[in-house]
Protein chains: 2
Amino acid sequence: MSKKENILKAATLLFATNGFKDTSMTEVAHMTGTASGTIFYHFTSKEELFLSVLSSVKDGILEEFSQYFRDKEFANGLEMLEESVSFYLYLASSKTEWFLLLHRYYPYKLAKENPACRRFLEDIYNCFVDIFEKALAQGQADASIVKLSPRKTAMLILSTVDGIVRFKNCNLYDAGALYNELIATIRRMAANQN
Amino acid sequence: MSKKENILKAATLLFATNGFKDTSMTEVAHMTGTASGTIFYHFTSKEELFLSVLSSVKDGILEEFSQYFRDKEFANGLEMLEESVSFYLYLASSKTEWFLLLHRYYPYKLAKENPACRRFLEDIYNCFVDIFEKALAQGQADASIVKLSPRKTAMLILSTVDGIVRFKNCNLYDAGALYNELIATIRRMAANQN
DNA sequence: TTAAAAACTAACTGACCAGTCAGTTATTCT
DNA sequence: AGAATAACTGACTGGTCAGTTAGTTTTTAA
């Protein structure tokens, strides 16, 4: 792995666990066994380093989802919805740093003044909402899901799973313990019982 | 209002909008028209100031909810649930600073090493969950709500509304636009249709 | 009235940190 | 080989910030 990639990886971990302000360039340098000057050779500023991190997280998330759905077949929309939610939770537990980073306030603060940052965040959240929406729409087509607004319901589902993951990352309560209830709730809320 | 209360109020606003690290004691001092030394006369450290802020936010939230439910009557558990959710959203929009503060990572990070901080956060979230749980349990008693685990479902509902508020505060999408869908979803998910 | 206590001030300190720069080492290409 | 470029280094700088302190003003109470 190149030194630049190493720096990016270390920065992802540090920004995710300690936050932007509480991560010093010296720390990133130390973790990668480089001089602090080297980081500024590869990245013009701390902010640019953060944007690179966010960009790579975005790429990672989009890639993971496209790979997961590439050759997946679902019996119906409801099943697709449930499996999408499961995959989201699985991803959140296997790529903790990504979600920790997204649950910090800094990216959203930066997005207010930096269009590129805003774009990354929108790409990420649209990816999530799009998948849930697609499942809901498909479910309505195949009659596995009741009549509802696919987009808005997708946003609500994202709010729920994202909320669960956030509470877990904040050590407030455990996501795993809620899994069965979550799936049951989604079924009660969306399934078409005829 | 005493100078100490003024400092607390300014600190709440600054910690909520800029975060812990991005708020300097000089800034707090400037906003309250005092010397920075005065803050250290009233609060031993920046961390203690933050804890005082969190404590007052906790008191505020508990007070608001106990006041709202003091002399409220509900037709049944389902109605209570819906109105609790509505009140949560109302509070989040009228006391923005409180929820901005709770949507930052710093309090949860501090909670890991500071039991008092952890206690404040638990009190706040238990307050929320308890109310939803009480509504669900009442709804099961009066048959307005289906069979489900009240505690876990209450947590899921909190995840959803908290997620919505967070997305709104992060400027990702608007809570108001989802309100009708949220109530409809809660009804589909919890209402007992006989 | 006055003395003690509480509240407040502003200059100061030491630590830290993002970013620079002048110079060194490694790589590539002819 | 040797020149040119890319990658890397680490000491240094200017600025910021939490917290201190010695001294001043205000309040309290006897």
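Every heavy atom of this structure was used, including side-chain atoms; hydrogens, water molecules and symmetry mates were not. Being a predicted model, the structure only gives us computed values, none of them experimental. The chains referred to below are lettered A, B, ... by the order of the sequence lines, with proteins before strands, and numbering in each begins at 1.
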Whole-Å gap separating [atom2] ([N]) and [atom1] ([X]):
X       : N      : atom1 : atom2 : answer
B/Phe20 : D/dT16 : CZ    : P     : 19 Å
A/Phe40 : D/dA6  : CZ    : C1'   : 19 Å
B/Asp22 : D/dT16 : CG    : P     : 14 Å
A/Ile7  : D/dA7  : CD1   : P     : 11 Å
B/Leu49 : D/dC17 : CG    : P     : 15 Å
A/Ile39 : D/dA6  : CD1   : P     : 21 Å
B/Asn6  : C/dA7  : CG    : P     : 15 Å
A/Met25 : D/dG15 : CE    : P     : 20 Å

Could you tell me whether [X] contacts a base, only the sugar-phosphate backbone, or nothing, with contacts defined as non-hydrogen atoms closer than 4.0 Å?
X       : answer
A/Thr32 : nothing
B/Thr38 : base
A/Thr23 : sugar-phosphate

The side chain of [X] lies closest to which of these nucleotides: [options]?
X       : options                : answer
A/Thr34 : C/dA10, C/dG19, D/dT9  : D/dT9
B/Lys3  : C/dT20, D/dC17, C/dT9  : C/dT9
A/Ala35 : D/dA11, D/dT9, C/dC17  : D/dT9
A/Ser36 : C/dA18, D/dA11, D/dC17 : D/dA11

Fit a plane to each ring of [X] and [Y], take the angle between them on a 0 to 90° scale, and name the class: parallel (under 30°), tilted (30 to 60°) or perpendicular (over 60°).
X        : Y        : value
B/Phe15  : B/Phe50  : perpendicular
B/Phe128 : B/Tyr88  : perpendicular
B/Phe69  : B/Phe74  : tilted
A/Tyr108 : A/Tyr125 : tilted

Could you tell me whether the phosphate oxygens of [N], OP1 or OP2, come under 4.0 Å of any side-chain nitrogen or oxygen in [X]?
X       : N      : value
B/His42 : C/dA6  : no
B/Tyr41 : C/dA7  : yes
A/Lys21 : C/dC16 : no

Handout entry: Between B/Glu48 and B/Thr44, a side-chain donor and acceptor under 3.5 Å
Key =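 Present: a donor and an acceptor within the cut-off.
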